Amino acid sequence: MVLDNLSESLKGILHKISGASYIDKDTIKEVTREIQRALLKADVNVKLVLKLTNTVQERALNEKPPAGMTGQDYIIKIIYEELLKILGTDANFDLKPQTIMLVGLYGNGKTTTTGKLARLFTKKGLSTGLIAADVHRPGAYEQLNQISKEINAGFYGEKGEKNPLKIVNNGIKQLSEYKIKIIDTSGRDSLDQELINEVREIKSKVKPDAVLFVIDATLGQQAGPQAKALNDAVSINGVIITKMDGTGKAGGALSAVADIKAPVYFIGTGEHMDDIQIFNPKKFLSRLLGMGDIDSLMEVVEETNMTEEEAEASLDKMMSGKFDLKDMYDIWEKFAKPGLLKKFFGALPLGKMPGGAKIDDSQLDQADEKLRVYRVILDSMTYYELENPDVLNAKRIKRVATGSGMGEKNVRQLLKEYNAMKKNVKAMKKNRNFKKLLKTQLKGGNFSLDDLESKI
Ligand code: GDP
Ligand code: MG
């Protein structure tokens, strides 16, 4: 995994936050200091780090979590959002038929990446041809030819030819049957005028659809100025950062490049042809932090949230002792969308229940299935029955069981759960903590039948 150490530190910090019984000023300070240390170790620029930690502190101290989200989860959300800002915005590389030109200095991984990209595109069903336009380095032709054979990509080169423009023009014609053409260009030891002129000339005459800058992650923050200089000189469309494997400095390269607003489209993670990843800041960060997709967490909270008024009304109804099956139905309906529970809990950081207990997929599947069954049963009851559950005698139960197709056992189980809830209404009334807990659960959707039963 890329940035192992940073990942471990950040995961540890998040774990600490979600395990904290309460969050105060000191906790926030301590946590941000730890984030600071972890980011600096990964070579992220000091200014960026300070800005991030200041913002996290300020937001954590001043913002209120939305209804239904714990303070702990909200801090995690803030950290996630601020870290995402240093990684740049999402920009997907358009996988369409096109000509791509790779540029960069010696040894940064252009030729290797030419092959890796071809492999990736081929896997996506786009035939790819490679053009060997590095006329400076002896052996460049052979290297690319070799790679093209290894990955079954098309190849065009002219051994001994010194004019790259001529090779590229011929290559594009020769490889016309390939959907994607990738031009591997010459490097230099430094970003000199000669290289800039060469790139400029090929770019203006050939008009590739994308010019991508290939840069080595081990350069750390130095990747930034280089990308900027080249971007200023020839205007690049995006960046590929190679050698993300085995360097602790990748945080520097990533953040420095993001700072100049050039999207990072791919990252190289090893020497083999398969060691390339499409770079997506959100996914990258989620993986780095060891959590599910936080976007889907937010989405689910919105989907399941009752308004303050709705939560209050449901609660009052429950407390008044007139809690009928319709009320139960209303609550369950919020959670009866297939896969919602799974999505919800799966999206929680570290896969944890609000109470701290781990829950696994099979439990979620069961809960989901139970809700589905109960919902179908409730749908088969008349309004009169929903409002007056006591009338559900053996005859009615049989009718509902047949009508819903769910069997008498399930109908009786549902009624048993309903009665258990109702029976405890009195006890609940006396328990203020319970009221508070239930209210947050209703609002936030952190609700499961078993959870509720065990608290009653
Ligand atoms: P070029 O001069 O820019 O064409 O660079 P090359 O493609 O020849 O790569 C230079 C060296 O870096 C080679 O030894 C590659 O195997 C190595 N390399 C390229 N990309 C990666 C990567 O993502 N990870 C690792 N570990 N090595 C890489
Ligand atoms: Mg090369």
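Ligands are counted one by one from 1 in listed order, and the atoms in each one are counted from 1 as well. This one's a predicted model, so the numbers in the text were calculated from it and none came from an experiment. The analysis underlying the following values was restricted to heavy atoms, covering all of them including side chains, and did not include hydrogens, waters or symmetry mates.
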Calculate, to the nearest 0.5 Å, the distance between atoms CG and CD1 belonging to Leu212 and Ile183 respectively. 11.0 Å
Report the nearest protein non-hydrogen atom to atom 22 (C) of ligand 1: residue, atom name, distance rounded to 0.1 Å. Gly270 O, 3.0 Å
Name the closest protein heavy atom to atom 24 (N) of ligand 1, giving the residue it belongs to and the distance to 0.1 Å. Asp245 OD1, 2.9 Å
Just do the side-chain hydrogen bond (donor to acceptor under 3.5 Å, both in side chains) check on Asp4 and Ser7 with the steps written out, would you? CA-CA 5 Å; Asp4 270 337; Ser7 179; 5.7 Å; no
Counting only heavy atoms not in Lys203, do more than 12 fall under 6.0 Å of its NZ? yes
Check: Glu58/Asn62 side-chain N/O donor and acceptor closer than 3.5 Å: no
With a 4.5 Å heavy-atom cut-off, do Gln72 and Tyr22 have their side chains touching? no
Under 2.8 Å from the Mg ion (ligand 2), which protein N, O or S atoms are there? Could you list them by chain and number? Thr111 OG1
Please indicate whether Lys47 has more than 12 foreign heavy atoms, meaning atoms of other residues, nucleotides or ligands, lying under 6.0 Å from its NZ. no
Decide whether the shortest distance between a heavy atom of Gly107 and an atom of ligand 1 is less than 4.0 Å. yes
Do the ring centers of Phe155 and Tyr141 come within less than 6.0 Å of each other? yes
Do NZ/NE/NH1/NH2 and the carboxylate oxygens of Glu150 and Arg119 come within less than 4.0 Å? no
Short N/O distance, under 3.5 Å, between Thr242 and ligand 1? no
Polar atom proximity, Tyr106 to ligand 1 (N or O, under 3.5 Å): no
Short side-chain donor-acceptor distance under 3.5 Å, Thr112 and Glu271: no
So for ligand 1, is Asp184 a polar contact partner (N or O within less than 3.5 Å, distance only)? no
May I ask you to identify, for Leu105, whether its side chain, its backbone, both or neither come under 4.0 Å of ligand 1 on a heavy-atom basis? backbone
A student checking ligand 1 against Gly268 at a 4.0 Å heavy-atom cut-off should list atoms 23 (O)
Would you mind finding which of His272, Lys243, Glu271, Gln277 brings a heavy atom closest to atom 11 (C) of ligand 1? Lys243
Please report the C-alpha distance between Glu82 and Tyr80 in whole Å, then the side-chain angles of each, then the deciding distance to 0.1 Å, and finally whether the side-chain hydrogen bond (donor to acceptor under 3.5 Å, both in side chains) criterion is met. CA-CA 6 Å; Glu82 296 306 321; Tyr80 170 89; over 6 Å; no
Please determine which of Lys243, Gln226, Lys249 meets the side-chain contact (heavy atoms from CB on, under 4.5 Å) test together with Leu219. Gln226
Please check whether Asn108 reaches ligand 1 - meaning an N/O of the residue sits under 3.5 Å from an N/O of the ligand, judged on distance alone. yes
Examine Met244 against ligand 1 and note whether any of their N/O atoms are separated by less than 3.5 Å. no
Specify the protein heavy atom at minimum distance from atom 5 (O) of ligand 1: its residue, its atom name, and the distance to 0.1 Å. Gly109 N, 3.0 Å
Between Tyr265 and Phe279, ring centroids under 6.0 Å: no
Right, does atom 2 (O) of ligand 1 have protein non-hydrogen atoms nearer than 4.0 Å? yes
Are Lys85 and Glu81 within salt-bridge range, i.e. N to O under 4.0 Å? no
Proximal ligand 1 atoms for Lys116, defined as those under 4.0 Å from one of its heavy atoms: 20 (N), 21 (C), 22 (C), 23 (O)
Does the side chain of Thr269 come under 3.5 Å of the side chain of Asp245 through a donor N or O and an acceptor N or O? no
Counting from 1, what ligand 1 atoms have a heavy atom of Arg137 closer than 4.0 Å? 2 (O)
Is any side-chain N of the basic residue among Asp232 and Lys228 closer than 4.0 Å to the acidic one's carboxylate O? yes
Tell me which protein heavy atom sits closest to atom 13 (C) of ligand 1, plus the residue, atom name and distance to 0.1 Å. Thr112 OG1, 4.3 Å
Asp275 N/O under 3.5 Å from ligand 1 N/O: no
Select one of side chain, backbone, both or neither to describe which atoms of Thr269 lie under 4.0 Å from any atom of ligand 1, heavy atoms only. backbone
Within the structure, is a non-hydrogen atom of Gln143 found at a distance of less than 4.0 Å from ligand 1? yes
